[in-house]
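Down below is the structure, laid out as structure tokens.
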Amino acid sequence: MSGRVYAYYMTLIAAVCGWVVIRRFASPASLTLPSALVDGFFIGFGLAVVTIEIIARVKAARINGWITIFGCGDPGNGMFLRAACARIFPGPVNSPQEAMYWKTQVDGAGRMLSGEYNYVLHFPPDGLPPVDAFWSLTMADAKERFVENPINRYCVSNQSGLVPNADGSVDVYLQNAAPAGRESNWLPAPAGKFRLWLRAYMPCAAILDGTYTVPPVVEVK
């Protein structure tokens, strides 16, 4: 669900809940058991959605433009925290020891990512996500669909044959047109807005305790 659609959805829930509350106070004589059940359903559903949104915002860690939640998938998490994790990371959520997730739709300066511009994700020497399995960086368009491109590449990872720089750092090029001579490290972007997902499978302790931070996406001129 896109941010705009979700905003419309939340507005609709707020409007329905507001209408139910106003109607209860304005016309208490109309209260019947069937109407009370219906009203209770809408109010309860609305409060649950709002609670999930609040928890998602409180628990989310935002660093360098990336968003993550620590502890998603931990045994014993309440249903609201699990729902908050699913709100930010749709789909199956593993325990942190199995996988950690980050996402972003902005660069390090907070500007929306767009294929109109060229970006670099620069991992310093020994700065790739520390994992015991593998990590992957996936790109999607604004509607969270894979981006069709001439080389049929939809993600890069530590298994993609990324070519390091002379100092051991690694640059991933995020742009619409192929970077001359650097196609091995190119993750093709659409012409319009896009978002990124970084997943680390069997992450090492530096990820689990928050010591490791994902570098910002930087626009290059």
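None of the values given here were measured: they were computed from a predicted structure.
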Of all pairs that satisfy ring-ring contact (aromatic ring centres under 6.0 Å, His included), the ones with a partner from residues 137-164, not counting sequence neighbours: Phe146-Tyr154
Set of residues satisfying side-chain hydrogen bond (donor to acceptor under 3.5 Å, both in side chains) with respect to Asp141, sequence neighbours excluded: Arg145
Listed partners of Tyr173 passing side-chain hydrogen bond (donor to acceptor under 3.5 Å, both in side chains), at least two apart: Arg182
Hydrophobic cluster partners of Val218 (side-chain heavy atoms under 4.5 Å): none
Test item: Asn158 side-chain N/O and Phe134 main-chain N/O as donor-acceptor pair under 3.5 Å: no
Interatomic distance, Leu187 atom CG to Asn149 atom CG [nearest 0.5 angstrom]: 8.0 Å
Inter-residue atom distance Leu137.CG - Trp102.CH2, 0.5 Å rounding: 11.0 Å
Rounded distance (nearest 0.5 Å) linking atom CG of Leu128 with atom CG of Leu162: 7.5 Å
Pairing residues for Glu183 by the side-chain hydrogen bond (donor to acceptor under 3.5 Å, both in side chains) criterion, not counting sequence neighbours: none
Heavy atoms of other groups near Asp126 CG, more than 12 under 6.0 Å: no
More than 12 heavy atoms from other groups under 6.0 Å of OH on Tyr117: no
Distance (rounded to the nearest 0.5 Å) between Leu113 CG and Lys193 NZ: 10.5 Å
Parallel, tilted or perpendicular: rings of Tyr101 and Tyr201 (30°, 60°): perpendicular
Derivation and outcome, side chain to side chain contact (heavy atoms under 4.5 Å, CB included), residues Tyr119 and Val220: CA-CA 5 Å; Tyr119 305 92; Val220 294; 5.9 Å; no
Pairing residues for Arg153 by the side-chain hydrogen bond (donor to acceptor under 3.5 Å, both in side chains) criterion, not counting sequence neighbours: none
Heavy-atom neighbours of Gln159 CD exceed 12 at 6.0 Å: yes
Straight-line distance of Thr213 OG1 to Asn64 CG, nearest 0.5 Å: 5.5 Å
